[in-house]
Amino acid sequence: SVLNRYVGFYGVGGYTYKKKYSLSGSIRVDQTNLFGTDPKYRYRPLWSAGFKWNMGKEDFLKSVDWIDMLDLRLSYGLTGNVDQTTTPNLVASLSNQSTYTAESIPYASISSAPNPLLRWEKTASYNVGFDYSFFKGLLNGKLDVYYKNSEDLLGTKEVNFTSGYATQRVNSGAMSNKGFELTVSSPWYRSNGLQLSSTLMFSYNKNTVTKTYYNPTQAAHLAISAYLMDGKPYDALYAYRYGGLTSGGTDYQNGVPIILRADGTATNHFQTDGTLLLDGSSTMGVDDVVYMGTKTPLINASFTQNIQFKGFELSALFLYYGGHKMYLPSFGFYNTDGNEDWVAKSWTPTNTSSTIPKSKIYYDPKISVVNVGSLEGMYIRSTENIAKGDFIRLRNIALSYTLPRALSNNIRLDRLKITGQINNPWIWSAAGKNYDSEAQSATSNTRSLSNWSLSAPTTYLLRLDVMF
């Protein structure tokens with residue numbers, strides 16, 4: 001087991017003047033064995049400061065009857081994160097070998113180079129916000145606009161080979177996030193025991209990488225390995241240009257997906273004897289793929305509707321994610337799953353009108369298996385198989401009934417409530433066919449039937465709450 005040590009000192013303070021102006025602040029200094037030995041980085045403090053102005057209590061707003069409360073918030077903060085999987089110390093693993101000697105000889109292999117400069121991953125946050133309540137509580141919520149700049153992010157970086165290492169995990173990355181969050185809530189109807197209330201939450205966030213670790217040189221570095229690029233989001237999606245299927249030739253020559261370079265030339269070539277020659281993805285540069293967008297939603301929104309009548313309560317929660325891209329399940333030249341019979345729908349000598357590439361059994365046996373596999377990977381990650389990830393989901397709908405207190409007391413109970421709930425009963429997806437971008441992992445650029453995630457299942461819940 002690994003034993004890490006921590007010690008920290010912190011202080012907080014605040015001051016309010018005339019119940020209208022408030023200042024607050026905090027500061028902390030932490031020490032741990034996970035930091036490097038360089039004193040320049042070991043004792044850097046993390047701190048924050050904030051200001052709040054209760055504008056609704058100012059004389060110039062007291063005469064505005066429809067303003068119940070209006071607060072302005074300003075804040076700045078420097079926060080830090082420490083990665084417990086990274087160490088500033090030289091790390092070696094012990095082993096034994098007896099392959100080349102008569103006796104077992106112990107030896108050590110260096111797995112991690114020392115890093116005396118290891119330090120916090122820091123994020124500087126700027127925030128401007130408003131809290132509000134209008135029309136005697138009929139409309140209330142908050143608005144926050146923020147900018148976050150993260151520096152010294154940890155990543156594996158190529159280093160000079162004369163150091164004895166090819167790569168090292170160091171503090172060398174940076175990215176920014178900017179956006180806003182809006183909340184609007186209203187109990188907009190109350191009459192004769194019937195209460196209707198609604199809550200809308202809407203947020204937008206744009207992420208940009210400003211400093212990266214690697215310099216991609218091949219198309220596969222972006223479309224497959226997901227290298228980061230300056231000026232693009234962290235979860236950027238790149239795709240190979242798709243040019244349709246080959247036609248007009250022999251059965252061996254037709255039904256082959258065409259992958260195009262930036263200059264319009266194809267990666268497949270037919271030789272004079274009719275044999276198909278395929279260029280591997282390593283022959284393509286970074287300009288030969290297309291930036292499609294981000295796999296992380298730019299927009300997150302939710303809408304909650306609540307209806308109460310006497311002891312009954314009905315609520316529904318809708319979600320919307322949008323502004324991002326997703327992979328579609330696609331034909332890996334041989335896969336068939338329970339949802340799509342790709343082989344039956346793909347191109348064959350008797351089904352030449354299909355837009356789905358042919359199965360491997362219809363390729364010329366003289367073609368390199370490696371290059372066919374490369375073509376398969378490029379087709380799966382091509383523009384043909386990228387779609388909008390926007391979706392609207394009914395996350396849950398619930399109906400409950402609370403027994404009146406008088407009746408509860410008659411049976412010696414303080415409270416009795418029964419609730420029925422349905423989770424994920426409905427989804428609309430811009431990609432069609434109920435494709436669910438929320439269910440897809442954002443950690444891998446590989447998308448085929450072998451690792452395609454099913455949509456979130458519909459579940460049913462019946463709950464009984466009893467309080468004595």
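The figures that follow rest on heavy atoms only: side chains count, while hydrogens, waters and symmetry mates do not.
Around CZ of F9, the count of heavy atoms belonging to other residues, nucleotides or ligands within 6.0 Å does not exceed 12. More than 12 heavy atoms of other shown residues, nucleotides or ligands fall within 6.0 angstrom of atom NZ in K122. More than 12 heavy atoms of other residues, nucleotides or ligands lie within 6.0 Å of OH in Y320, so this atom counts as buried by the packing criterion. Residue Y10 places its OH atom among 12 or fewer non-hydrogen atoms of other residues, nucleotides or ligands, all under 6.0 Å distant. Annotation: M229, atom CE; neighbour count of heavy atoms from other residues, nucleotides and ligands within 6.0 Å is above 12.
Between the side chains of E313 and N306, a donor-acceptor pair is found at a separation under 3.5 Å. Looking at T199 and T304, their side chains never bring a donor and an acceptor atom within 3.5 Å of each other. Neither side chain, D251 nor Q253, offers a donor N or O lying under 3.5 Å from an acceptor on the other. A donor-acceptor contact closer than 3.5 angstrom is absent between the side chains of R241 and T383.
Considering every non-hydrogen atom in both L237 and K295, the closest pair reads CD1-CG, 3.4 Å. Scanning both residues, G129 and D144, for their nearest heavy atoms gives CA-OD1, 3.7 Å.
Here the two rings, on Y379 and Y242, have centers that are under 6.0 Å apart.
Between the side chain of D414 and the main chain of F468, no donor-acceptor pair closer than 3.5 Å is present.
Here the CZ-CZ distance, from F303 to F318, works out to 8.0 Å after rounding to the nearest 0.5 Å.
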Practice problem: Please step through side-chain hydrogen bond (donor to acceptor under 3.5 Å, both in side chains) for the pair N424 and R395, ending with a clear verdict. | Solution: CA-CA 5 Å; N424 303 311; R395 174 66 80 194; 3.1 Å; yes
